Amino acid sequence: MSLGVEETATGRLVGDVVLFWHSEKDRSGEVGYIFHPGVRGRGYAGEAVAALLDLGFGGLGLHRIVARINELNEASVRDVERLGFRREARTVESIWFKGGWATMLEYALLEREWAPRSQIPPVR
């Protein structure tokens, strides 16, 4: 599922989020997102991914959701950690990205670890 993210005040499209359902048997999925650089630091990514986690765990009954992040993307690392994801792996130079090899971090969250959105710390 891929969804656009709209800024409420302006109605402007500022990003998109995706929820992949990898396995019905294993009840596993993956989240991903991308936002316009001009809206960095406003909490949109965390809010949108939290909604996907609510859907994945609550609506679809997933057991485990992962997020894969380029290790150079410190803002995304902070976002997923704030949401309660834990880092499980670091794969060195594992994908070709923008003309070079990128090292990826894999984060995961289990259904039992997911806290309601009201308990997520605010963006600083």
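In what follows, residues are counted from 1 in the order of the sequence shown. Since the model is a prediction, treat every value here as computed from it, not as a measurement.
For the pair Met104/Asn70, a side-chain contact is recorded, criterion being any heavy-atom separation below 4.5 Å from C-beta on. Looking at heavy atoms from C-beta onward, Glu47 lies out of side-chain contact with Val17 at the 4.5 angstrom threshold. Inter-residue side-chain proximity for Phe35 and Asp79 is flagged as unmet; no heavy-atom pair is nearer than 4.5 Å. A heavy-atom distance below 4.5 Å is found between the side chains of Val80 and Tyr33.
To the nearest 0.5 Å, the span separating CH2 on Trp114 from CZ on Phe57 amounts to 8.0 Å. Atom CG of Leu109 sits about 8.0 Å away from atom CG of Leu83, to the nearest 0.5 Å. Between Glu24 atom CD and Asp26 atom CG the span is 10.5 Å, to the nearest 0.5 Å. Interatomic distance, CD of Glu81 versus CZ of Arg87, reported as 8.5 Å (0.5 Å rounding). To the nearest 0.5 Å, the span separating OG on Ser28 from CG on Leu62 amounts to 7.5 Å. For the atom pair CE of Met1 and CG of Leu52, the computed distance is 7.5 Å after rounding to the nearest 0.5 Å.
Across Glu111, Glu30, Glu113, Glu88, a single residue satisfies salt bridge (Lys or Arg N to Asp or Glu O under 4.0 Å) together with Arg64, and that is Glu88.
Side-chain atoms of Arg90 never come within 3.5 Å of backbone atoms of Thr103 as a donor-acceptor pair (strictly under, hydrogens ignored). A donor-acceptor pair is defined here as one N or O able to donate and one able to accept, closer than 3.5 Å; no such pair exists between the side chain of Ser76 and the backbone of Asn73.
Enclosure of atom CZ in Arg12 by more than 12 non-hydrogen atoms of other residues, nucleotides or ligands within 6.0 angstrom is indicated. The local environment of CG in Leu60 is crowded, with over 12 non-hydrogen atoms from other residues, nucleotides or ligands closer than 6.0 Å.
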| query | Where do Val5 and His36 land on the side chain to side chain contact (heavy atoms under 4.5 Å, CB included) test, with the steps shown first? | reply | CA-CA 10 Å; Val5 178; His36 187 280; over 6 Å; no
| message | Checking Tyr107 against Val31 for the side chain to side chain contact (heavy atoms under 4.5 Å, CB included) test, could you report, in this order, the C-alpha distance in whole Å, the side-chain angles of both residues, the deciding distance, and whether it holds? | response | CA-CA 10 Å; Tyr107 283 81; Val31 294; over 6 Å; no
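Trp101 and Trp96 have perpendicular rings, their planes meeting at more than 60° on a 0 to 90° scale where under 30° would count as parallel.
Hydrophobic clustering places Val14 together with Val49 (ILVMFWY residues linked when any side-chain heavy atoms are closer than 4.5 Å, directly or through intermediates).
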